[in-house]
Amino acid sequence: MATLLRRLAGRRCSSGPWNGVILRETHSPTSALVPRGGSPPLLAGDGRPLTACCRAHSRGQHTQAAGPVEVDVKRLEGEDKGIVEVLLCRHKKKNALGYVFVSQMKNLVSALSCDSAALVVVFRSLVPGVFCAGADLKERAGMNHAESDLFVHGLRSLMTQIASLPMPTIAAMDGVALGGGLELAMACDLRTAAYTAQMGLIETTRGLLPGAGGTQRLPRTVGIALAKELIFTGRRVGGQTALEIGLVNRAVEQNQSGDAAYAEALSLAREILPQAPIAVRLAKEAVNRGIEVDISAAMAIERLCYARVISTRDRQEGMAAFLEKRAPRYTGE
């Protein structure tokens, strides 16, 4: 237990998943969460604001990649400022997980991991009727065994990157999410789906098994026995069934524009947006780390997360707002 506490305490100044939610007592000038208001932004090593650095990095990677942009980013403004959308837009291949798609997604997620202005991230598809069709089998067929193994390792790493993002993430499934497509959605914290959506880990029907986290995240989501049944049979389920078994958080009737799940995801993001940013990130950290250890160690993790939020200005603002019977105005400090 003592070892666990020292290890967790030692993460306070690391650049891992704790990045962006470090308390003010840290000695690093780039560790505090940027307030939504007018406080000075975090600075990158070259003196530029950290969020600007991340955005430039993301744009630069897109321009360097061969071919068109297959994954892009959109930052909402106005009352939705703080919501960032990751746009899956490989139209000709139904967002299949090819080399360029995965490379662009990795670069974008890497940039988001250090973007303290991003409070909620929504993953959505711009391809009608499809969230992500899974592996690009034609591209995979041209790989030898070593190349295929290396690519799947990179795909697994991408899903871990998404799961490790410090802010809440939501996958909006308005269409098909199969194999790696469902694994991508399961790497997110929350999921919405249209009733017409079809999702499943279908790898066993192709002589494979889920290789990008599906064998681990599905049991943690729906339970071991049901996960085994779905994986062994390669069965697909619709949005209503997915809601009933706990695979998605919300399911809705599809609308005429084909984006009902996205609209529901946006509604969910808007519920999260007004909450204290540091508290939300640390709550995610406590849940994600605690679920992987025994209950005693998990309680220690919760204690550390709670201790880190105590001295924040947002906690003081929350208490003051309660006593003064008004809505809190959180700044992310």
Side-chain angles (χ1 to χ4, degrees), residues 80 83-88 94-95 97 120-134 159 162-163 165 167-205 210 212-275 280 283-284 287-288 290-291:
D80 290 333
I83 299 176
V84 176
E85 296 179 359
V86 175
L87 310 175
L88 283 57
K94 299 182 179 180
N95 294 329
L97 299 167
V120 187
V121 176
V122 176
F123 288 76
R124 62 173 299 206
S125 170
L126 299 185
V127 181
V130 175
F131 176 71
C132 176
M159 304 312 174
I162 294 171
L165 282 170
M167 72 291 290
T169 54
I170 308 171
M173 293 179 284
D174 274 302
V176 171
L178 300 176
L182 181 55
E183 288 174 309
L184 193 160
M186 289 193 295
C188 295
D189 298 307
L190 309 170
R191 287 162 292 283
T192 63
Y195 288 151
T196 54
Q198 289 288 307
M199 58 205 84
L201 297 180
I202 61 170
E203 286 85 350
T204 55
T205 69
T215 63
Q216 303 308 307
R217 290 193 174 95
L218 188 60
R220 285 167 167 79
T221 303
V222 303
I224 294 174
L226 183 54
K228 286 179 177 179
E229 179 181 341
L230 293 174
I231 292 171
F232 295 169
T233 62
R235 185 183 306 151
R236 306 181 187 197
V237 299
Q240 180 63 53
T241 299
L243 178 64
E244 292 169 357
I245 65 177
L247 182 55
V248 302
N249 298 81
R250 299 182 181 183
V252 292
E253 291 280 0
Q254 187 57 280
N255 55 28
Q256 289 187 344
S257 56
D259 63 355
Y262 163 65
E264 191 67 20
L266 194 57
S267 174
L268 184 52
R270 286 168 176 160
E271 289 184 47
I272 298 170
L273 198 58
Q275 314 315 323
V280 170
K284 173 174 176 173
V287 173
N288 284 358
I291 202 68

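All values below were derived from every heavy atom in this structure, side-chain atoms included, with hydrogens, water molecules and symmetry-related copies excluded.
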Original post:
Looking at side-chain heavy atoms only, is the closest gap between Glu183 and Glu203 below 4.5 Å?
Top reply: yes
Original post:
Minimum heavy-atom separation for Gln254 to Ala194, with atom names?
Top reply: NE2-CB, 3.4 Å
Original post:
Quick one: does Arg124's side chain get under 4.5 Å of Leu88's, heavy atoms only?
Top reply: no
**OP:** To the nearest 0.5 angstrom, please state how far the CD atom of Glu253 sits from the OG1 atom of Thr196.
**Re:** 8.5 Å
Subject >> Heavy-atom pair of closest approach, residues Ala251 and Gly239 >> reply: CB-O, 3.5 Å
Original post:
By side chain to side chain donor-acceptor pair (under 3.5 Å), which residues pair with Asn288, not counting sequence neighbours?
Top reply: none
Subject >> Point-to-point distance, once rounded to the nearest 0.5 Å, from CE of Met159 to CE of Met186 >> reply: 9.0 Å
Just list the side-chain donor-acceptor pairs under 3.5 Å for residues 259-266, sequence neighbours left out, or say none.
unit_1, atom_1, unit_2, atom_2, d
Asp259, OD1, Asn255, ND2, 2.9
Asp259, OD1, Ser257, OG, 2.6
Tyr262, OH, Glu85, OE2, 2.3
Glu264, OE2, Arg250, NH1, 3.1

Subject >> Name of the residue among Thr241, Val222, Leu230 meeting side-chain contact (heavy atoms from CB on, under 4.5 Å) with Leu247 >> reply: Val222
Original post:
Measuring from Thr192:OG1 to Ile170:CD1, what's the distance to the nearest 0.5 Å?
Top reply: 7.5 Å
**OP:** Take atom NZ of Lys284 as the centre, draw a 6.0 Å sphere, and report whether it contains more than 12 heavy atoms from other residues, nucleotides or ligands.
**Re:** yes
**OP:** Return the set of residues passing side chain to side chain donor-acceptor pair (under 3.5 Å) with Ser125 (not counting sequence neighbours), or none when no residue passes.
**Re:** Asn95
**OP:** Could you tell me whether the side chain of Gln275 and the main chain of Glu271 form a donor-acceptor pair under 3.5 Å?
**Re:** yes
Subject >> Contact summary for Thr204 and Gly234, nearest pair of heavy atoms >> reply: OG1-N, 3.8 Å
**OP:** Of all the heavy-atom pairs spanning Ile83 and Ala269, show the shortest one and how long it is.
**Re:** CD1-CB, 3.8 Å
**OP:** Answer yes or no: is there a side-chain heavy-atom contact under 4.5 Å between Ile224 and Pro219?
**Re:** yes
Original post:
For the atom pair CG (Leu182) and CG (Leu201), what is the distance rounded to the nearest 0.5 Å?
Top reply: 4.5 Å
Original post:
Considering only heavy atoms from C-beta outward, does the side chain of Met173 approach that of Val248 to under 4.5 Å?
Top reply: yes
Original post:
Of all heavy-atom pairs between Ala193 and Met199, which one has the smallest distance, and what is that distance?
Top reply: CB-CE, 3.8 Å
Original post:
For the side-chain contact (heavy atoms from CB on, under 4.5 Å) test, which of Leu268, Leu273, Asp189, Leu190 pairs with Pro168?
Top reply: Asp189
Original post:
Is any side-chain heavy atom of Arg191 closer than 4.5 Å to a side-chain heavy atom of Thr221?
Top reply: yes
Original post:
Hey, mind stepping through Val280 and Met167 against side chain to side chain contact (heavy atoms under 4.5 Å, CB included) and telling me if it holds?
Top reply: CA-CA 7 Å; Val280 170; Met167 72 291 290; over 6 Å; no
Original post:
Closest heavy-atom contact between Arg217 and Ala163?
Top reply: NH2-CB, 3.6 Å
